[in-house]
Each structure stands twice: as structure tokens, then as C-alpha cells.
Number of protein chains: 2
Amino acid sequence: MLMSKPVQQRTLRTRAKLLDVAETLVREAGYEALRVEEVVARAGVAKGTFFAHFRDKDALMEILIGQELDALLTQAGALPAPADIAGICARLLPVHGFMTCERYVFDLILRYSGAAAVTEIGPIAMSFDRYATLVTGWMPAGDYRRDVDDTLLAEGVQAFAVQSMGLQFCALHQAQSFQDRFETYLAAWLTPAV
Amino acid sequence: MLMSKPVQQRTLRTRAKLLDVAETLVREAGYEALRVEEVVARAGVAKGTFFAHFRDKDALMEILIGQELDALLTQAGALPAPADIAGICARLLPVHGFMTCERYVFDLILRYSGAAAVTEIGPIAMSFDRYATLVTGWMPAGDYRRDVDDTLLAEGVQAFAVQSMGLQFCALHQAQSFQDRFETYLAAWLTPAV
DNA sequence: TATATAAAATGACCACGGTCAATAAAAAAA
DNA sequence: TTTTTTTATTGACCGTGGTCATTTTATATA
């Protein structure tokens, strides 16, 4: 059984303040430019306090990015399932757009998309799971292959999304746009014509 | 036209020494543990010298990892094309094994797998290209789908390899081994049975 | 209310990647 | 050879993430 140790009001206020400042700074200059020193300066606390609230800088980043992803996934899941591949691409566009808004963000998402340990599944790993679940739920709504199960199909969609996003940052492959590439992959993956 | 500016012997010696020391240190304690300060200390040069030879620490890392990948890809390409999916998995095993030998290595490879700019295609991006080309060449040798072209198939193989490797680091998905997962993906990708 | 105990905050300090004006060494020109 | 110019090296210094013994504040106890 877990004992919920008492949490002081002070703790909640400090943490909220830190998150609030961090969000503001990100809005002002993006994720990559965020500096822990500036967060604590604006929040009016000592640097050590920051690390008493967050394991490291990435942990804060994970929270900020995770909640953004979460909001976008909620939006994507709010409407009825898209009926075809173009619909899937369109529906996921905001999610992918955010994931690639900054090189830094994309790298961080990739790095934390897998949970490091069962006991500490971070916000980004959670979002990745939600992504897969969401897409799995869309599979029955379209005219796609039925020879493999929907979970596997969804994992494939995710893999191709990552591939497409990665190539978007690659100067060698910028002839094709992200949407085109993603749609081509999905057509081959979801509707093979053998 | 390019002018090949004269290079002093000294330069080559210093650079070789730095690379040599770095390789030794990696062999001793792995990639993640490598410290620039230790490289320069053992090489007997100043820290600034290091950065006169390599843009940053990652650039050195790219060289070290890139040449390893290159060697492994050469090996994988030396034999005749594998005839089936199990053969492909087996043949790529050493490559994937190296890519996942350290979390740090995997992350770095992902980060540099796309060339940042056309003019500076790093060793890792080169290796990724070689990987795709190699696999493309294997496609005609097996009984796989023919409805999409081999380049696309190879890109898919790569995407699924990355997906499988990523999940290997994820505590949530460690029930299935990398090889099993990869083979499942490839079966669904290369031999759809609609 | 005074005292003991636990939780939170502090800031000096460290590790380590990276910079740059100054210097030394090599190559080219006189 | 001596002088000039180019190239390579140096190491003090900086930015920034992260640590930890100490101090402050809040809560429980007498």
C-alpha cells in the first residue's frame, strides 16, 4: 500500500510557478532556447529548487511537450474516425506538425518515446501509447488490409510517421513534402495491392 | 573548382592521434563515457586543438560510429543477397546489434541519420544511405510484394528496424525480442497476404 | 507556546563542452 | 638567410546543466 506523504502548499505553488514561467519562456523563444537559469531567475527561486522539483531539464521538457501532445491527440480523437488514408494524414497533421516544430523537439520526443523503466513511464511515452491506441481504433473504419491485426498496423503507421518526419529534417530528401511521403508510405502499408 | 589547400604533416599526425586515443577510450569504457578532456589529455594536446579538428564532440562521435557502421555494412554486403525475411534479419543482425549497443549510440545515430545540409552529409547519414541501398538490392532476390518499388520497400525496412530498435529500449515492450518483432514487421511489410 | 522533527529552499560549487585572442610553428616570399 | 604570411596550437575563460551540505520554513509534539 502507498502512503501519500503530505505535500505542502508551498511545494505546489513553487512547482506551478516554475511550470508557468517555463511555458511563457517557451512561448517567447521556443523549446531549444529554454535555460534552467532563466526559469529559476524569473520564478524567483534558487537553482537547486528547480532540481528538487524536476529530475533534470529534460523532465521539465517532457512535461511541457507531453501536455501539448496530449491536447493535440485529444483533438485528433474527438472527431469520428477518418475513413481513408488521406483522412488519417490530415487528422494527424497537427500532431506531426508539433512534433517537427523544432529539431530539438523531434529529437527529444524520439529519445523519450520509449519508457526507460516500467515504473517511470514519462509523459511522452504515454503520448506515444495514446497515438498508437488512437490509430488502432481508426483501422476498422477504413478499407485497409485485414491480414494482420490493427495493433500491428498502428505500430506501422507510427513507424512511418517517424520515418517521414525524420526525412523532413534531411536535406537529401526535401524534394518530397512530409504529407506526400507519409501518404505514400501509408498507401503501401495499409492497402497493399499484391 | 576546388583548391585543395595544403595540409601540414603536423595536422594529420594530430588528427590521427586524437582519433586513435578516442578509439582506445571507447574500447575501454564505451561511447557514452567518452570525455573530450580525457581525449586531449591522453593525446597530449590542448583542448582548443580538439575543436580545431572536429566541429564538436558529436562530430568525432559520428566518425567513430560511422566507420564502425561502414565496416559492418561492408560485411553484410559481401555475401550474396539473403533469400527470405529470416535471412534479411540474420544478415542485418550485426548492424542492428551495434546500433543498439548503447542507448547513447542509438540516440546519436537517429539524430544524425538525416543529413543536416546537402553540403555536409555526415558519416552516419552516409551509412543510412548505404543501408537503404543495400536492402534495395536484396529485394529482387526474395519472394516479396511487387506492387511498390524496391526503394520504397527498403525505406520501410529501415523504418521498421528503427521502430524495433526503439522498442527494445522501452520497458513496456520487452516481452518480445528485437529479432521477433523485426521479423513480424517485415513479414507484414514485404509479404502482405490480402 | 516552546521544542523537536520533517520538508523545502538555498547558493556556492563542480563537470564538461565549447570559444577565442594570443602565441608558436611552418611555409612562402624577399 | 631574413622577413612575411599562413596555418596550427594553446590555455584561460565562459555557459549551462546538475549536486549537496547548510539553512530556512512548516508541521507535529510536549
Side-chain angles (χ1 to χ4, degrees), chain A residues 2-22 25-26 28-65 104-105 107-108 111-112 116 120 122, chain B residues 2-22 25-26 28-65 104-105 107-108 111-112 116 120 122:
Chain A
L2 354 158
M3 293 300 241
S4 63
K5 41 188 159 183
V7 181
Q8 301 184 5
Q9 295 303 322
R10 194 169 44 149
T11 309
L12 298 174
R13 270 206 318 279
T14 306
R15 188 192 155 91
K17 181 76 189 167
L18 286 169
L19 280 170
D20 188 53
V21 168
L25 288 172
V26 165
E28 283 176 15
Y31 291 91
E32 178 154 29
L34 192 72
R35 294 286 171 270
V36 171
E37 302 207 329
E38 198 169 350
V39 174
V40 297
R42 283 224 211 171
V45 300
K47 196 190 260 189
T49 302
F50 180 95
F51 293 97
H53 286 266
F54 308 99
R55 184 173 26 77
D56 53 23
K57 183 184 171 181
D58 281 359
L60 168 67
M61 234 60 235
E62 262 209 278
I63 291 171
L64 298 179
I65 291 173
Y104 173 81
V105 170
D107 288 343
L108 198 137
R111 194 160 56 250
Y112 290 100
E120 49 157 320
Chain B
L2 348 160
M3 292 300 241
S4 63
K5 42 188 158 184
V7 181
Q8 301 183 6
Q9 295 304 322
R10 195 171 41 149
T11 309
L12 297 175
R13 269 205 319 277
T14 305
R15 187 191 155 92
K17 181 76 189 168
L18 286 169
L19 280 170
D20 188 52
V21 168
L25 288 173
V26 165
E28 283 176 14
Y31 291 91
E32 178 153 30
L34 192 73
R35 295 286 170 270
V36 171
E37 302 204 330
E38 197 169 350
V39 174
V40 297
R42 283 223 211 171
V45 300
K47 196 190 259 189
T49 302
F50 180 95
F51 294 98
H53 286 266
F54 308 99
R55 185 173 26 78
D56 53 23
K57 184 184 170 180
D58 281 359
L60 168 67
M61 233 61 231
E62 265 211 276
I63 292 171
L64 297 179
I65 291 173
Y104 173 82
V105 170
D107 288 343
L108 198 137
R111 192 158 58 249
Y112 289 100
E120 47 159 321

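Here is the naming used below: chain letters follow the sequence lines, and residue numbers restart at 1 for every chain.
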> If you draw a 6.0 Å radius around CD in A/Glu28, do more than 12 non-hydrogen atoms from other residues or ligands fall strictly inside?
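Result for CD/A/Glu28: enclosed.
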> Is there a side-chain polar atom (N or O) of B/His53 under 4.0 Å from OP1 or OP2 of D/dT9?
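Result: yes.
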> Measuring from A/Ile63:CD1 to A/Leu19:CG, what's the distance to the nearest 0.5 Å?
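Going from the CD1 atom of A/Ile63 to the CG atom of A/Leu19 covers 5.5 Å.
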> In whole angstrom, what separates A/Arg13's CZ from C/dA7's P?
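Taking CZ of A/Arg13 and P of C/dA7, I get 18 Å after rounding.
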> From CZ of A/Phe54 over to P of D/dT19, roughly how many Å is that when rounded to an integer?
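Roughly 15 Å, once rounded to whole Å.
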> Taking CZ from B/Arg10 and C1' from C/dA25, how many angstroms apart are they, rounded to a whole number?
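In whole Å, C/dA25 C1' and B/Arg10 CZ are 5 Å from each other.
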> Can you tell me if the side-chain N/O atoms of B/Thr11 get under 4.0 Å from OP1 or OP2 in D/dT7?
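Answer no for this pair, as no side-chain N or O of B/Thr11 is under 4.0 Å from OP1 or OP2.
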> I need the minimum non-hydrogen distance between B/Lys57 and B/Leu34, along with the two atoms involved.
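Residues B/Lys57 and B/Leu34, closest heavy atoms: NZ-O, 2.8 Å.
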> Rounded to whole Å, how long is the line connecting atom CD of B/Glu38 with atom P of C/dG17?
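Answer to the nearest Å: 10 Å.
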> Which whole-number value in Å describes the distance from A/Lys57 NZ to D/dT16 P?
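It is 9 Å, rounded to the nearest whole Å.
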> Quickly work out the A/Leu34 CG to D/dG15 P distance and round it to whole Å.
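Rounding to the nearest Å, CG of A/Leu34 and P of D/dG15 are 18 Å apart.
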> What does A/Thr49 touch in the nucleic acid at a heavy-atom separation under 4.0 angstrom: a base, only the sugar-phosphate, or nothing?
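Counting heavy atoms under 4.0 Å across all strands, the contact made by A/Thr49 includes a base.
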> For C/dA8 and A/Thr14 - does any side-chain N or O of the residue sit under 4.0 Å from the phosphate oxygens OP1/OP2?
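For C/dA8, OP1/OP2 do not have a side-chain N/O of A/Thr14 under 4.0 Å.
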> Please report the distance, rounded to the nearest Å, between CD in B/Glu32 and P in C/dC16.
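Nearest whole value for this atom pair: 12 Å.
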> Please figure out whether B/Gln9 or B/Asp58 has its closest DNA chain C nucleotide nearer the 5' end.
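The residue whose closest nucleotide sits nearer the 5' end is B/Asp58.
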> Are OP1 or OP2 of C/dC16 and a side-chain N or O of B/Arg35 less than 4.0 angstrom apart?
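Yes, because at least one side-chain N or O of B/Arg35 sits under 4.0 Å from OP1 or OP2 of C/dC16.
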> So, does A/Lys47 get its side chain near the phosphate of C/dG11, meaning an N or O under 4.0 Å from OP1 or OP2?
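For C/dG11, OP1/OP2 do not have a side-chain N/O of A/Lys47 under 4.0 Å.
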> Over all heavy atoms of both residues, which pair between B/Ala29 and B/Ala33 is shortest? Give the atoms and the distance, please.
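The pair with the smallest heavy-atom distance is O-CB, 3.5 Å.
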> Between atom CD in A/Glu37 and atom P in D/dC14, what is the gap in whole Å?
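After rounding, the reported distance stands at 14 Å.
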> In Å, rounded to the nearest 0.5 Å, how long is the span from CZ of A/Phe50 to CG of A/Leu60?
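Separation between the atoms: 4.5 Å.
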> From the list C/dA7, C/dG17, D/dT7, which nucleotide is the closest neighbour of the side chain of B/Phe51?
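When the side chain of B/Phe51 is considered, C/dG17 is the closest of C/dA7, C/dG17, D/dT7.
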